[in-house]
Number of protein chains: 2
Amino acid sequence: MIKKLLLLGVLMNGKMHGYRLNEYVKHTMNFYKDLTKSAAYYILDQLEKDGYVTYATEREGKRPERRIYEITTKGKNHFLELLRECLGNYTPTSFGDDIGAAFIGRLPAEEVRNLLVNKRRKIQDQIEMYKGVGDHEGNLQYVINHNIAHLKADISWVDEILKNIGEENQ
Amino acid sequence: MIKKLLLLGVLMNGKMHGYRLNEYVKHTMNFYKDLTKSAAYYILDQLEKDGYVTYATEREGKRPERRIYEITTKGKNHFLELLRECLGNYTPTSFGDDIGAAFIGRLPAEEVRNLLVNKRRKIQDQIEMYKGVGDHEGNLQYVINHNIAHLKADISWVDEILKNIGEENQ
DNA sequence: TATAATATAGTCTAATCTGAATATTCCATA
DNA sequence: TATGGAATATTCAGATTAGACTATATTATA
């Protein structure tokens with residue numbers, strides 16, 4: 001559902017073929033990491049079956065054929081429906097790293113400390129990455145800020161655990 | 001992978017049958033919403049095939065048969081491996097709601113405002129829910145704090161957008 | 001200029017996941 | 001005491017996903 005919204009949303013900007021769509025998501029909407037190539041192609045198929053998009057086949061030089069997807073009127077309406085649903089609801093997020101935290105007591109404090117320092121570094125790298133890309137066009141800036149805010153919350157969280165582990169082990 | 005860690009982790013506390021495992025995750029580890037009943041059964045099958053768990057079939061009264069799963073030594077080692085991996089790495093999170101935000105300009109500001117107010121309320125409800133459950137045993141408290149921190153970041157984020165939309169539309 | 005690496009464009013299979021279905025028992029309530 | 005709903009316990013078919021694979025073109029490198 002969210003992935004359909006994503007693909008329809010990109011197609012709202014104009015026609016695009018599958019490969020380009022994937023590149024676009026990968027580079028411009030890089031904050032969303034849950035869409036793989038093949039899933040995108042699969043979803044485009046679904047969207048086409050439901051009449052939300054149509055495609056024309058074309059070929060450039062001797063490269064493989066490609067399908068230029070275009071959103072239909074029905075698709076535009078559907079996009080707006082999905083958008084309303086997305087904006088008016090809250091999608092609860094599961095954090096995989098919570099599972100590790102829940103079982104943290106199963107490893108010696110010393111080892112946990114080292115592991116968490118690594119985690120912290122990787123979170124910091126992500127933050128630098130987002131800061132590095134500079135300003136995005138309008139709405140995307142919201143998304144970047146959102147992700148940075150969450151990453152900072154993660155840093156604080158790791159620090160809280162590190163602090164607690166430190167105290168327990170004196 | 002994360003789901004295997006979760007199930008093995010619960011089984012580290014002792015034997016349990018599938019149904020009970022699901023109940024446990026649903027109630028005690030309710031911060032993790034990405035494990036459905038049937039997925040859990042599927043993963044238990046996998047774990048059994050890989051020798052990480054064994055099971056004994058039993059029946060209580062005339063209820064359906066059930067499988068009591070028990071973690072093996074191999075399983076315990078695997079659990080620790082997965083735990084190290086989880087604690088020492090950072091799993092990037094994708095926020096579905098970001099997709100909506102990215103296309104926010106496709107709806108009139110007035111409508112967006114109303115929708116976001118709804119979203120905000122739902123986030124607030126989640127926060128109350130977490131605060132309502134009270135103190136958890138040791139490590140789970142970390143996880144609850146983590147989730148509350150993220151929810152608060154979401155509230156601030158929504159407020160930021162609301163503020164911006166307000167200004168644009170004067 | 002041969003060779004390697006990357007970009008283009010998408011397909012395919014096997015693994016995984018979801019939601020509905022099954023079948024019994026327990027409990028409340030009318 | 002009949003009846004409807006929740007709890008127990010899992011299975012199954014069909015939807016979805018991930019990751020490897022195909023095949024050519026272009027660019028970089030030695």
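Throughout, a chain's letter reflects where its sequence line sits, starting with A, and its residues are numbered from 1. On a predicted model such as this, the values are computed, not experimentally measured, just so you know.
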Atom-pair distance (OH on A:Y55; P on C:dA9), nearest Å: 17 Å

Parallel, tilted or perpendicular, as decided by the 30° and 60° cut-offs, for the rings of A:H150 and A:H146: perpendicular

Interatomic spacing from CD1 in A:I104 to CD1 in A:I165 - rounded to 0.5 Å: 4.5 Å

Atom pair CG (A:L87) and CG (B:N114), whose distance is rounded to the nearest 0.5 Å: 11.5 Å

Whole-Å distance separating the CD atom of B:E23 from the P atom of D:dA7: 8 Å

Among C:dA9, D:dT8, D:dT11, the nucleotide that comes nearest once only the side chain of B:Y41 is considered: D:dT11

In one Ile/Leu/Val/Met/Phe/Trp/Tyr side-chain cluster, 4.5 Å: B:M1, B:V25: yes

Test: B:E128 and B:K131 ion pair at under 4.0 Å: no

Protein-nucleotide distance (A:D45, atom CG; D:dT16, atom P), rounded to Å: 12 Å

Where protein sits on nucleotides 12-19 of chain C, one letter per nucleotide: B base, S sugar-phosphate only, - none, heavy atoms under 4.0 Å: B--SBSBB

A:K119 to B:Y90 six-membered ring, cation-pi geometry met (6.0 Å, 45°): no

Cationic N near anionic O, under 4.0 Å, A:R20 to A:E23: no

Nearest-0.5 Å distance that lies between atom CG in B:L82 and atom CG in B:L7: 11.0 Å

Distance test, side-chain N/O of A:H17 to OP1/OP2 of C:dT8, below 4.0 Å: no

Helical bend (five base pairs per end, nearest 10°) for the helix from C:dT1-D:dA30 to C:dA30-D:dT1: 20°

Rounded interatomic separation in angstrom, taking NZ from B:K26 and P from D:dA9: 14 Å

